[in-house]
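What follows is one structure encoded as structure tokens, with my remarks underneath.
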Amino acid sequence: MRLSELGALLGLPMSGGGDPDIRQVAPLATAGEGDLAFYSPGRGDPVAMARCAASALILPPGVEGGTTPRLIADNPLLAAARAQTRLCPEPRPTAGIHPSAVVHPSASVDPTATVGPFVCLDAQAVVGPRAVLRAGVRVGEGSRIGADTVLFDNVVLYQGVVVGERCRVHAGSVLGADGFGYVPDEKGNLFKIPQTGGVTVEDDVEIGALVTIDRATFTTTRIGAGTKIDDHCHVGHNVDLGRHVIMAGMSGVAGSTKIGDRVMIGGMSAISDNLEVASGVMIAGMTGVHKSLTEKGIYEGPRAMPRREFVAFMKAGENLAKLKKRVDALEHLQSPS
Amino acid sequence: MRLSELGALLGLPMSGGGDPDIRQVAPLATAGEGDLAFYSPGRGDPVAMARCAASALILPPGVEGGTTPRLIADNPLLAAARAQTRLCPEPRPTAGIHPSAVVHPSASVDPTATVGPFVCLDAQAVVGPRAVLRAGVRVGEGSRIGADTVLFDNVVLYQGVVVGERCRVHAGSVLGADGFGYVPDEKGNLFKIPQTGGVTVEDDVEIGALVTIDRATFTTTRIGAGTKIDDHCHVGHNVDLGRHVIMAGMSGVAGSTKIGDRVMIGGMSAISDNLEVASGVMIAGMTGVHKSLTEKGIYEGPRAMPRREFVAFMKAGENLAKLKKRVDALEHLQSPS
Amino acid sequence: MRLSELGALLGLPMSGGGDPDIRQVAPLATAGEGDLAFYSPGRGDPVAMARCAASALILPPGVEGGTTPRLIADNPLLAAARAQTRLCPEPRPTAGIHPSAVVHPSASVDPTATVGPFVCLDAQAVVGPRAVLRAGVRVGEGSRIGADTVLFDNVVLYQGVVVGERCRVHAGSVLGADGFGYVPDEKGNLFKIPQTGGVTVEDDVEIGALVTIDRATFTTTRIGAGTKIDDHCHVGHNVDLGRHVIMAGMSGVAGSTKIGDRVMIGGMSAISDNLEVASGVMIAGMTGVHKSLTEKGIYEGPRAMPRREFVAFMKAGENLAKLKKRVDALEHLQSPS
């Protein structure tokens, strides 16, 4: 695609000399002919920028780029992501149902959707326009897949799971398995609480590989629109996860907890059950949240505290043994033996 | 089902006026016609109770319920779980082997069992009465599935895995993958220790989605009867996990560790290898267990200590920087410069 | 196999009386007729050794073994692992493509390879000599599997994933799912950064069950030769993991971090993005690494510090509440109210 054509699609002004043919976006350090690289002062490497052999650049206004053809964007990274989306669109498999798929007569598949090999669609399952179900996907009874959503290989949806439009669920993830709920019986053994609710994933959600989102006991476990969930995450039953939440890899939210909008959850963090986390809260990696976080801020630590306090704690901790010796010495001064 | 019929099945006395038809259990706040709600003082919301529009209630003895028809139970939550199990039983798929399944001639499938699409049963595999293997399940050579056990979609059992009766293994879990064992060779490279043992899961065990239970090096990795394991958990090779253990989401037990009966393991906790944890011990979430826990109690922290101590530690920690300043001041008083 | 034959294969001298037929390696405590047990002073149980009923033993030079036939090895555990590999080789399925597999016409499968039931090979996929793809494996467009590599059931390789020779990838693992990368757009919503790179796994790597290794944004995520990764681990996009690394269960490495050779990562540890960890570093279990570790050593703690310091910190922490009271008392002495 000509740089001018790309600029027009993205609504970005062009500068420098020439109008090269662009194949893909590439990083400054390795870009060559046919590549479009991007740079922002403070975020990129100025040396790599100076040496960059890309055919074209994306630069913010006011940055010198020599005679290299370039697009001018306030946010070069965002512009580069948009450019790559245009230059290297994910290939769409051809529409239709693979002959090996097992489709219940009452299931409904839009003629523009793709249902891959070894997929199973149970009774009343619905697959929307242009949705793609790759090989080995299972869709339980009454579950529904919205338009333009992609379920990668071996994703399992139990019954009563609703996935919105333009979602992506990566390979091996499981939506709608039973929530983890038991009640001790008269002998102290664990009696299973039936989990008869569902899972609702709103529009524009991306879910990584090997994620679990459990079905609610009665109502529905909800993932808000625009939320992004990384690999190996776990969302427990009855959780209400807000909109535009970021949940980094290997983190978990336990049953019935309510997470506000635009919350950021760092990797390998765990949030206990029946809590509330206010919109906009940031939770650092490896944090344990044991009580509700009702005020905005950055929290960290095995029992979440404001990040600044936790870092001071750990810093002090590095010298805690020394501090103990200093107190020993002070006591000795008070009462020399 | 009539309330009186349900009460008779559960052995619960009935009270209040009328004998409504009940479809399902529902929570106080959302229950309506045809629903059965439940309430215990101190565990439920009295306001929701007062406003509840359910057709019937489950209440403990001595709680006022107006004229609403009701069942009287010492433990309303337990009674509600039992009621729901009767009212909304999990639908049983029809018995038989799907034509797409690949079944080794020496495998044995009870005629009352269900073997779903794309299942593979290797040589000498055994599937017991009324067992259900949903789509894409793999059963390795010589592995055996007990009566009334359900393996959800894409569960993988390697060779030599024995699963008892009335178990449930949720989608994507892997039982019997190689334990993680290597020995450095003469060059310091890692030589694999063959893992030739098996996995034994006793009766009435529930295993969540995307769980791994590794095969033993020589003998068997054991999961005791009645134990419940949540999503994303990991049980290493040669582990002996007791009976009626609760293992919350994303927790792990490393190789050869022995866990007693009725141990509770909180979410995202890790127990190191070659340890013993006594029966009845409770391990809080995000705890790291580095030495054996031989006495009952509640433990917490990145190096497990009694919970009370850990909480005090973290509380003190919130003021550790201040404490350091106070020691600075005391020293200054002793030797003003 | 005769003990003498085994000794000749392994290059180990024989001693004691007789030349028994050996079926397998077994531990000292349970070994019986036909078993080969192994023992090292300081690593095995001398009582079990004295009572051992094995047909033969592997012992280090200079250890008394009575008249039991034995092989002499400097490293009995290594010798036992090698013996077991000879005695109980993993059965190789017959070569060929199962008729249910869906193989793109442009895919290439070596005639000595095994492609199991319900496998999908996309365009340009390549399966090398003697490779084994068990049931339900997916190989994306242009992905390549080296000679003698085994992919267990339901492993998913996206497009552009290269796996070397003699690798093992256990059931349900996902290689090449999108890295987790977004950039906020003008409205603060998250715009996806396309992930167009690949994954490269070098030779002799073993990857456990339910592991994720994400594709790079532009280049490739690399797993060095000889590295061993346990169940539930996560390797983020653009990570460069060195050679002979050990990554224990449930640990994760975030995007673009570079891990040197022979690094050991303990279970449930997390390493943040864009860091460097020097070759030979040891990271204890449940450790959070927030900054680069450039010097060899053992590190531990939620914000990694030298292990000795962290253990002292936690020990001191057990008495931190007491320390606070002591400071209270000292202050009171200075200024009695």
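Here is the naming used below: chain letters follow the sequence lines, and residue numbers restart at 1 for every chain.
- Chain A forms more heavy-atom pairs under 4.5 Å with one residue of B:A248, B:G267, B:A135, B:G266 than with any other, namely B:A135.
- Proximity to chain A is limited to the side chain of B:R262, based on heavy atoms less than 4.5 angstrom apart.
- By the 30° and 60° cut-offs, the orientation of the rings of A:F218 relative to B:F38 is tilted.
- Between the side chain of B:S173 and the main chain of B:V211, a donor-acceptor pair closer than 3.5 Å is present.
- For B:Y299, there are no side chain to side chain donor-acceptor pair (under 3.5 Å) partners at least two apart in sequence or on another chain.
- Of the N and O atoms on the side chains of A:T212 and B:H232, at least one donor lies less than 3.5 Å from an acceptor on the other residue.
- Here CG of A:N238 is found 10.0 Å from OG1 of A:T257. Values are rounded to the nearest 0.5 Å.
- In summary, of the residues considered (B:D230, B:I229, B:D231), a side-chain contact (heavy atoms from CB on, under 4.5 Å) with A:F180 occurs for B:D230 alone.
- Rounding to the nearest 0.5 Å places CG of A:L210 at 10.0 Å from CE of A:M250.
- The stretch residues 183-193 of chain A places A:V183, A:P184, A:D185, A:E186, A:K187, A:G188, A:N189, A:L190, A:F191, A:K192, A:I193 near chain B, each with some heavy atom under 4.5 Å from a heavy atom of that chain.
- Neither the backbone nor the side chain of A:D273 has a heavy atom closer than 4.5 Å to any heavy atom of chain B.
- Among the candidates B:D74, B:L77, B:V311, the residue making the largest number of heavy-atom pairs closer than 4.5 Å to chain A is B:L77.
- For A:A284, the side chain to side chain contact (heavy atoms under 4.5 Å, CB included) partners two or more places apart in sequence, or in a different chain, are A:T287, A:E300, A:R307.
- Without hydrogens or angle criteria, A:S143 side chain to A:A125 main chain gives no donor-acceptor distance under 3.5 Å.
- Using a 4.5 Å cut-off between heavy atoms, A:V119 contacts chain B through its backbone alone, with no side-chain atom that close.
- If you run side-chain contact (heavy atoms from CB on, under 4.5 Å) between A:V103 and each of A:V139, A:L121, A:V127, only A:L121 comes through.
- Contact of B:P27 with chain A is made through backbone and side chain together, with heavy-atom distances under 4.5 Å.
- B:T114 is linked by a side chain to side chain donor-acceptor pair (under 3.5 Å) to nothing, counting only residues two or more places apart in sequence or in another chain.
- Using a 4.5 Å cut-off between heavy atoms, B:D328 touches chain A through backbone and side chain atoms alike.
- Heavy-atom distances place the side chain of A:Y182, and not its backbone, under 4.5 Å from chain B.
- Here A:A270 is the residue among A:G236, A:G176, A:A270, A:G288 with the most heavy-atom pairs under 4.5 Å with chain B.
- For B:A209, the parts lying near chain A are the backbone and the side chain together; criterion is any non-hydrogen pair under 4.5 Å.
- Using a 4.5 Å cut-off between heavy atoms, A:M268 touches chain B through backbone and side chain atoms alike.
- B:R243 and B:D203 are not joined by a salt bridge, as no carboxylate oxygen comes within less than 4.0 angstrom of a charged side-chain nitrogen.
- The candidate with the highest count of non-hydrogen atom pairs below 4.5 Å against chain B, out of A:V327, A:N154, A:T196, A:D178, is A:D178.
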